[in-house]
Amino acid sequence: MSVNMYSMPGYFQTMPTVGSPLNKVNAENAQELKDVEANIAKLMNEAAAAGKSDEGIHKSGQMTVLERIFTLVDEGTFHPLNSLYNPMHNKNGSTGIVKGLAKIAGRWCVIVASDNKKLAGAWVPGQSENLIRASDTAKMLHIPLVYVLNCSGVKLDEQELVYANRRGGGAPFYRNAELNQLGVPVIVGIFGTNPAGGGYHSISPTILIAHQDANMAVGGAGILGGMNPKGYMDMESAEQLIEATKRDTSTPPGAVPVHYNETGFFREVYADEAGVLAGIRKYVGFLPMYDPQFFRVDDPQEPLYAAEDLYSIVPLNKKRQYKPMEVIARLFDGSQFAEFKKGYGPEIICGLAKVNGLLVGVVTNNQGLLMNYPEYLKGTVGIGGKLYRQGLIKMNEFVTLCKRDRIPLVWIQDTTGIDVGDPAERAELLGLGQSLIYSIMDTNQASLEITLRKGTAAAHYVMGGPQGHTTNVFSLGTAATEMNVMTGETAAAAMYSRRLVKEQKAGNDIQPVIDKMNDLINTYTERSTPEYCAKLGLVDEVVNMTALRSYIKAFTESYYQNPQSITPVHQMMVPRIMRDYDNLSAK
């Protein structure tokens, strides 16, 4: 009788172990990182609490949005996304939805829930973009999109920021249609009044489950007829409106008697909120999924070293270096990592790791000094974090091969940009950077990107950044994240160096120019913080160091839940190419 549960155990159960025990706790660095995390948590709590009080929601007979989510999902599986996303600066600090990745009935789903604490879940500026991100995530992972819907329609006094435009209020309805056509189900539980845009929110999914007091309609009861349009409001018009409002005692259109008894749009109706949520779970439970064991190459294992160590390993000070292998050792199964083309393109570390026994490809930036490198500049010293010719070529090869073998990618960025100057141009770095973008798009392979510390200029794009909207499932930041085209000091020098020369040559006081330079530096600092990145959506969530592995696990398990194509493990090329390269390198 066979006792081997996995294919090719010689490749995947004997992967090298990396990392080492933490020698010394860096208490100062740890506290600085945790202070940033505490501030992010405070901002998230404030955004969640804004609007109607929990007590007010309960008095109206409703659960809060978070109570609905935690009743719906499998315990301990909710991974929030875009908690601080608020690109249009809404006063309540959010886009009026709560979103994330979670298991429902054992299946990973993307969840979007209307925040009924905030204008009864109204469409507000920035919400449609957030909804599009949700549908993109479901599309790339080929997993269900679940709505917990309570949408009162467009916030009318800001309709121009919500309603129209290419990625405006109607775009998510097209995305829901696209998901259905791709075989990705969209399941909705409907609460409260959902008119106009809220009505299309309700009708565009695959399965509609309603609370007995819910409705959905083209327009709401508040759109009153019988008035004489003048293009302005005067006393006569106001009196007409008052009388029309007094006469209107009808229930909102599109209630259960219409859409369950007559049209049949509602599949099921429940008398209480818990019933609606149970109905969602039932229908998600009908959906196909692979048992993870089908794709495992090894037993699930925890890393050998604690995630808490990351607070000492990853310096908040961007000028300080660390060993990337120590980070890898605290994120992946058994602290095991098989490196691809070690020694070639030393500024990049890439290779295979395991998450819950499932294969992932990992790409990260090396740190420190690289002696006698790059090869196109003889006798020079390269700087870890920067991209050079060999590293770009290596990443092109690796992502292409991972797609061939259907291995999802985890990018862990800490990059200071791409090498510049005529030697770099002769070495074709501009073309190789765009070639990497081409390779990523050509593979169309789902990936998770983590900006561990620095995401700089075009290097941020080419290393799996969120600009790859058909491949980047979501991006994460940390307390150490900083994003900019260049440092504030470099930007100030680029903008004002000639001005300094001009003023000094004219015999003028250069202090006013210096003051402007410092203002720019301070602005760069403020607009590169984790908080700012989260608010504008440069990252989809800022997560604690100790939560990174959990998000990687959620991404990886989601990827393998219901893939559209499979490469049999014993037919994979990446591990074989790695072994051959290592043997050749050893010789």
Side-chain angles (χ1 to χ4, degrees), residues 16 18 315 317-328 337-351 361-401 411-440 452-465 482 484-487 489-494 497-498 574 577-587:
V18 298
N317 184 335
K318 310 303 186 295
K319 296 179 181 179
R320 294 179 182 172
Q321 303 301 319
Y322 60 95
K323 296 179 180 178
M325 285 297 189
E326 298 297 342
V327 175
I328 289 172
F337 182 71
E339 190 170 355
F340 177 79
K341 286 194 171 182
K342 181 178 181 180
Y344 181 83
E347 77 272 25
I348 289 296
I349 296 171
C350 55
V362 180
V363 184
T364 192
N365 301 95
N366 207 348
Q367 303 295 312
L369 300 179
L370 309 170
M371 306 308 295
N372 298 313
Y373 188 78
E375 78 287 354
Y376 53 83
L377 288 173
K378 301 300 182 184
T380 59
V381 178
I383 301 172
K386 188 173 285 190
L387 303 184
Y388 301 95
R389 179 183 174 87
Q390 288 185 10
L392 288 166
I393 291 173
K394 182 162 72 171
M395 286 188 284
N396 268 281
E397 292 178 325
F398 187 67
V399 300
T400 301
L401 287 168
W411 301 80
I412 305 175
Q413 280 196 34
D414 189 354
T415 175
T416 54
I418 301 176
D419 194 22
V420 297
D422 280 343
E425 297 305 323
R426 295 189 189 98
E428 304 176 335
L429 267 61
L430 186 63
L432 288 170
Q434 180 58 36
S435 296
L436 180 53
I437 290 174
Y438 185 95
S439 294
I440 291 169
L452 187 66
R453 290 204 308 178
K454 293 183 69 65
T456 307
H460 177 56
Y461 310 158
V462 305
M463 290 193 67
E482 177 182 289
N484 43 46
V485 174
M486 58 187 71
T487 66
E489 294 92 328
T490 304
S497 57
R498 292 183 180 179
V574 174
I577 290 170
M578 289 167 61
R579 178 174 287 183
D580 286 346
Y581 183 85
D582 287 344
N583 290 340
L584 288 171
S585 298
K587 294 176 183 179

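It should be emphasised that the depicted structure is a prediction, and the values quoted were computed from it without experimental measurement. Basis for what follows: all heavy atoms, side chains included, without hydrogens, waters or symmetry-related copies.
Annotation: the span from Lys394 atom NZ to Tyr344 atom OH amounts to 9.0 Å, rounded to 0.5 Å. Atom NZ of residue Lys386 and atom CD1 of residue Ile418 lie 10.5 Å apart, to the nearest 0.5 angstrom. Atom-to-atom distance recorded for Glu397:CD and Ile393:CD1 is 7.5 Å, nearest 0.5 angstrom. Atom CD1 of Ile577 is separated from atom CG of Leu401 by 4.5 Å, given to the nearest 0.5 angstrom.
Side-chain N/O atoms of Asn396 and Ser439 include a donor and acceptor closer than 3.5 Å. With hydrogens and angles left out, the side-chain atoms of Glu347 and Tyr373 include a donor and acceptor closer than 3.5 Å.
Looking at Arg453 and Glu482, no side-chain N of the basic residue comes within less than 4.0 Å of a carboxylate O on the acidic one, giving no salt bridge.
Here the closest non-hydrogen pair linking Gly384 and Thr416 is O-OG1, 4.5 Å. For the residue pair Val462 and Gly433, the shortest heavy atom distance occurs at CG1-O, 3.4 Å. Minimum heavy-atom separation, Trp411 to Met395: CZ3-SD, 3.9 Å. When all heavy atoms of Pro374 and Tyr388 are compared, the pair lying nearest together is CG-CD2, 3.6 Å.
Paired with Asp414 under the rule side chain to side chain contact (heavy atoms under 4.5 Å, CB included), one option of Lys318, Lys454, Gln321, Met463 passes, and it is Lys454.
Between the side chain of Thr364 and the main chain of Ile412, a donor-acceptor pair closer than 3.5 Å is present.
In this structure, Asn365 and Ile348 have side chains that are in contact, with non-hydrogen atoms separated by less than 4.5 Å.
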